[in-house]
**Q** 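Below: one structure in structure tokens.
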Amino acid sequence: MIDPLERSYIETARREKRARLEALGIRPFAYRFERSHSAAAVVALWDDAMGDAGPQVRIAGRIAALRGQGKTMFAHLEDGSGRIQIYLKRDQLEPAWPLVELLDLDDHIGVTGRLFRTRTGEVSVWVAAVELLAKSLRSLPRGKVEKLADGSTVVHGGLTDPEVRYRQRYADFAVHPELRDDFRTRARAIAFVRRFLDARGYLEVETPVLQPLYGGAAARPFVTHHNALDMPLYLRIADELYLKRLIVGGFERVYEIGHDFRNEGMDRTHNPEFTMLEWYQAYADYIDMLEMVQEMVSGIVQECLGGLEHVRHGVPLNFAPPYRRVSFCEGIKAVCGIDVLTASEEEMRAFVATQGESLEAVRTMSGGRLLDEVFKHSLEPRLAQPTFVLDYPKALSPLAKTHRDDARLTERFELFVNGTELANAFSELNDPDDQRARFEDQGRQREAGDEEAQQMDADYVRALEYGMPPTGGVGLGIDRLVMLLTDHSSIRDVILFPAMRPEGDRRASPDADDAG
RNA sequence: GCGCCCAUAGCUCAGCCGGUAGAGCAAUCGCCUUUUAAGCGACAGGUCGCAGGUUCGAACCCUGCUGGGCGCACCA
């Protein structure tokens with residue numbers, strides 16, 4: 001919408017200042033600056049006993065506030081640690097004063113000076129020398145927070161338009177430093193996962209992102225093309241099939257943290273590329289994996305939030321193990337009285353129809369889809385506390401191994417927190433003939449028009465034919481985990497650069513729109 | 001893909017029943033040597049998202065388009 005190259009009168013003014021600086025022989029973009037302290041460290045350094053003889057410091061940062069008073073000037077410098085006030089006095093900076101007069105909000109500067117305390121008590125740096133490190137040619141959309149005498153605050157301006165915030169994430173972070181904390185939390189959670197799995201003998205691996213066949217989940221892929229081979233390639237929708245090939249090859253414990261890509265709708269909980277953690281362990285079953293998930297999730301919560309009890313979206317949650325376990329079928333029966341193993345589809349449709357679904361939609365539901373709807377309207381909304389749902393019916397779980405005690409079920413669990421699925425795990429299907437049959441069945445659904453049905457992966461079946469040991473596997477959505485940790489309800493708030501439509505006027509590319 | 005809502009100055013917003021736009025902050029200029037929303041004074045800044053239509057006249061009403069938000073659908 002806004003041409004990024006179009007200059008406002010404010011930018012024009014800043015470019016004029018840049019020219020004036022250069023005419024004075026001042027480089028608007030310096031090369032380096034040696035700091036002695038961060039802003040936060042400088043503030044922490046202060047001791048009232050210092051009186052007028054505070055230590056000399058060298059600090060750098062972005063000018064976050066500027067209050068000129070003629071022959072004197074106050075400013076706040078902001079760096080990665082926080083902010084500190086600086087005080088500039090003309091008679092003590094004389095040769096450099098023309099530079100000071102050409103400073104703008106948002107410029108990066110470096111200063112040297114002594115620590116002191118102002119009349120109003122704020123620890124500040126009395127600047128003896130100032131250097132311009134980087135001129136800002138575009139003003140950041142800063143707000144101003146006014147604190148009124150009664151303690152309330154009024155915000156003047158500021159960056160609030162969600163579109164601009166996501167498109168210009170750099171400006172959003174620059175103006176809202178507290179947002180960076182969510183990504184520190186994210187990094188801590190991922191670092192914890194690595195330590196957790198490494199300590200248990202897992203090997204971190206990297207499997208192909210570009211795949212000749214996509215599989216391991218039901219989703220539409222992104223398609224690209226390899227020029228040299230002149231063939232289509234797909235961005236992976238899951239890591240699963242490659243990681244299990246590694247199990248066949250003798251890597252007994254492997255994990256991967258990486259992006260999967262799904263060519264589907266975008267909303268509060270879906271980004272076209274997202275971060276998935278998958279791990280597989282030979283000779284383990286889904287209950288082994290369940291215990292690991294429980295320990296890992298509690299560990300992450302403890303590590304990132306300090307403590308196991310937290311309110312999320314107004315709901316107090318307790319992450320102390322053991323988490324509740326409920327069987328899929330019995331859980332649903334307890335809530336709505338339907339036994340999904342024996343009930344007729346008519347009975348289930350009748351129930352779903354009472355839950356606000358349109359009659360038309362209900363009429364077309366059958367099989368796995370219908371089961372899923374029953375679950376969605378009965379058990380799932382009640383899963384606020386961390387809860388494992390176990391033993392899904394086969395129709396819902398084409399990739400999981402048949403349950404050892406009940407052939408109608410599979411050995412599968414999902415972890416729910418606050419009604420959202422966090423993890424999905426199986427005792428992995430390792431019977432190559434069964435796997436081939438399921439691929440063939442998927443192939444028939446594909447021919448019937450199901451774009452998401454999986455393709456036959458003959459190489460994967462060949463791997464299974466060599467013999468894959470019994471294996472437990474888990475997939476855990478990192479973005480959703482971080483949403484839980486940071487109490488965000490939009491996945492965009494935990495992804496640095498969420499997917500957006502391109503900005504700008506696209507009428508320049510005619511005929512692109514009306515094809516359909 | 002469908003529905004509802006939104007788009008006005010660099011930012012945040014106001015603009016009633018149609019009469020061609022205002023405020024605060026930021027900017028520019030002047031004054032000000034301990035301020036912190038600094039203050040005081042002056043001056044600028046807009047193709048009202050884009051394209052049509054209705055009208056003597058459109059930021060405002062209608063249609064289409066673009067982008068966004070929320071919900072639904074799709075989807076783990």
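Each chain gets a letter, A, B and so on, in the order its sequence line appears, and its residues count up from 1.
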**Q** For B:rU34, does the base pair up with any side-chain atom of A:Arg119 as donor and acceptor (N or O, under 3.5 Å, distance only)?
**A**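 Answer is no: no donor-acceptor pair is held.
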**Q** Check the pair A:Tyr170 / A:Phe497 against ring pair (Phe, Tyr, Trp, His ring centres under 6.0 Å), numbers first and verdict last.
**A** CA-CA 9 Å; A:Tyr170 35 87; A:Phe497 298 99; 7.4 Å; no
**Q** Students often get this wrong, so: under 4.0 angstrom with heavy atoms, is A:Gln69 touching a base, only sugar-phosphate, or nothing?
**A**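 The answer is base, as A:Gln69 lies within the cut-off (heavy atoms under 4.0 Å) of a base atom.
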**Q** Nearest of B:rU34, B:rG45, B:rC74 to any side-chain atom of A:Phe74?
**A**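 So the side chain of A:Phe74 is nearest to B:rU34.
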**Q** Return no unless some side-chain N or O of A:Ser139 is found under 4.0 Å from OP1 or OP2 of B:rA26.
**A**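 For B:rA26, OP1/OP2 do not have a side-chain N/O of A:Ser139 under 4.0 Å.
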**Q** Looking for any heavy atom pair under 4.0 Å, which part of the strands does A:Gly477 touch: base, sugar-phosphate only, or nothing?
**A**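 No contact.
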**Q** Taking the minimum atom-to-atom distance to the side chain of A:Arg268, which one of B:rC75, B:rC70, B:rG10 wins?
**A**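 Nearest listed nucleotide: B:rC70.
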**Q** Within the modelled atom types, does a donor on one side and an acceptor on the other bring the side chain of A:Thr118 and the base of B:rU35 under 3.5 Å apart?
**A**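 Flag set: donor-acceptor pair detected.
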**Q** Reckon A:Arg14 touches a base, only the sugar-phosphate, or nothing at all at heavy-atom distances under 4.0 Å?
**A**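 No contact at all - A:Arg14 keeps every heavy atom at 4.0 Å or more from the nucleic acid.
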**Q** When only distance counts, do a donor and an acceptor, one from the side chain of A:Tyr166 and one from the base of B:rG68, lie under 3.5 Å apart?
**A**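 Check fails, no donor-acceptor contact within cut-off.
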**Q** Remember a base hit wins even if backbone is also touched, and classify A:Phe116 as base, sugar-phosphate or nothing at under 4.0 Å, heavy atoms.
**A**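 Base: the residue A:Phe116, judged by heavy atoms under 4.0 Å, touches a nucleobase.
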**Q** Determine the contact category for A:Asp161: base if any of its heavy atoms lies under 4.0 Å from a base atom, sugar-phosphate if only primed atoms, P, OP1 or OP2 are that close, otherwise nothing.
**A**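 If one applies the 4.0 Å heavy-atom cut-off, A:Asp161 turns out to touch the sugar-phosphate alone, with no base involved.
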